[in-house]
Amino acid sequence: MSAFNFDLSFVNVSSKGDIYNCKSIKYDIKPDVYIYPSNIKTPDRCDVTKAEMMVEFKWNRGDDPFSTSSSASSFIMSSQQARDTMGKITAYSSAQLGAQWHTHTYQILIIKNYAYLIRWDHEGFIVTEPIFYRESPALIDFFQCYNVAPHAMRSHDKTVSCITSRYLHLITTVRQKLGLPSNA
């Protein structure tokens, strides 16, 4: 991806799960690739607190959790393989959204010769039709737009900020007046 001059670092973390931030999660949080902003010291393993988005690769079409059939009763496939994939990508997204102050996150699920772009938020997800990336520049177009997008469009919640010393003093005063311990 460096040929496209993106301001992002693509890191293979498939064998290096997040051992620091996801200890209480039953799934191993280790997608195939995590994408980090290039302006940070890029972790050599999965770190859900720093990642921008993730990419998961599947080589078997049976792992595809989404149906493109217009006659299907649901767009979520019901096979065990498909449900396993859905469970994994849901866990990965939940871990990332739970570890960061983001309004949403993006994921890319690549299955053989096509990909899905998935936008997750705290209510659910939106998924594209299959993108046949050898024929369509849609994924590259997405990364080009994402690369230059302001932080709010990249999902960073601009209503969250670092605590100021004035506000910290106010919190301390209120805790003292209420008789609360300092760590409450």
Task: Distance-minimising heavy-atom pair for G62 and S79 - done: O-OG, 3.8 Å
- [ ] Please confirm whether the backbone N or O of I89 pairs with a side-chain atom of Q107, one donor and one acceptor, at under 3.5 Å?
- [x] yes
Task: Close side-chain approach of P31 to V13, heavy-atom, < 4.5 Å - done: yes
- [ ] Not counting sequence neighbours, list each pair that qualifies as a salt bridge (charged side-chain N to carboxylate O under 4.0 Å, His left out) and has a residue in residues 50-59.
- [x] D47-K50, E52-R154, E56-K58
Task: By side-chain hydrogen bond (donor to acceptor under 3.5 Å, both in side chains) - contacts of D63 (at least two apart) - done: Q81
Open item on the list: With clusters defined by side-chain heavy atoms of hydrophobic residues (ILVMFWY) lying less than 4.5 Å apart, directly or transitively, does I118 cluster with M77?
Closed with: no
- [ ] Using a 4.5 Å cut-off on heavy atoms from C-beta on, say whether the side chain of Y92 contacts that of V48.
- [x] no
Open item on the list: Tell me if the aromatic rings of Y106 and F143 count as close, with their centers under 6.0 Å from one another.
Closed with: no
Open item on the list: Going by the rule side-chain hydrogen bond (donor to acceptor under 3.5 Å, both in side chains), which residues pair with E123 if we only count those two or more places apart in sequence or in a different chain?
Closed with: none
Open item on the list: Surrounding NE2 of H122 (heavy atoms of other residues, nucleotides or ligands, distance under 6.0 Å), is the total greater than 12?
Closed with: yes
TODO: Could you pull out all residues at least two apart from T105 that satisfy side-chain hydrogen bond (donor to acceptor under 3.5 Å, both in side chains)?
DONE: Q96
- [ ] For the residue pair Q144 and V148, establish whether any side-chain heavy-atom pair is separated by less than 4.5 Å.
- [x] no
TODO: Would you please name every residue forming a side-chain hydrogen bond (donor to acceptor under 3.5 Å, both in side chains) with Y36, sequence neighbours left out?
DONE: none
Open item on the list: A side-chain contact here means heavy atoms from C-beta on lying under 4.5 Å apart; do L109 and I111 qualify?
Closed with: yes
Open item on the list: For a quick test of reading the model, state the closest non-hydrogen atom pair linking P65 to A82 and the distance between them.
Closed with: CB-O, 3.6 Å
Open item on the list: Show, in sequence, the C-alpha distance, side-chain angles and deciding distance for N113 and R61, and conclude whether the side-chain contact (heavy atoms from CB on, under 4.5 Å) test is met.
Closed with: CA-CA 10 Å; N113 62 337; R61 289 187 200 268; 3.3 Å; yes
TODO: Check whether any side-chain heavy atom of I76 lies under 4.5 Å from a side-chain heavy atom of M86, and answer yes or no.
DONE: yes
- [ ] Check side-chain contact (heavy atoms from CB on, under 4.5 Å) between S15 and all other residues, then give those that pass, not counting sequence neighbours.
- [x] none
Task: By salt bridge (charged side-chain N to carboxylate O under 4.0 Å, His left out) - contacts of D121 (at least two apart) - done: R119
Task: Heavy-atom side-chain proximity of V55 to I110 below 4.5 angstrom - done: yes
TODO: Describe, in one word, how the ring planes of Y114 and Y116 are oriented to each other, choosing from parallel (under 30°), tilted (30 to 60°) and perpendicular (over 60°).
DONE: perpendicular
TODO: Could you list the residues that satisfy side-chain contact (heavy atoms from CB on, under 4.5 Å) with T164, not counting sequence neighbours?
DONE: R166, Y167
Task: Over all atoms of both residues, closest heavy-atom pair of H102 and L97 - done: O-CD2, 4.0 Å
Task: For N12, all residues meeting side-chain contact (heavy atoms from CB on, under 4.5 Å), sequence neighbours excluded - done: S14
Task: Taking every non-hydrogen atom, the tightest pair across D64 and F66 - done: OD1-N, 2.9 Å
Side chains of residues 124-135: which donor-acceptor pairs under 3.5 Å do they make with residues two or more places apart or in other chains?
| residue | atom | partner | partner atom | Å |
| --- | --- | --- | --- | --- |
| T128 | OG1 | L117 | N | 3.1 |
| Y133 | OH | K112 | O | 2.4 |

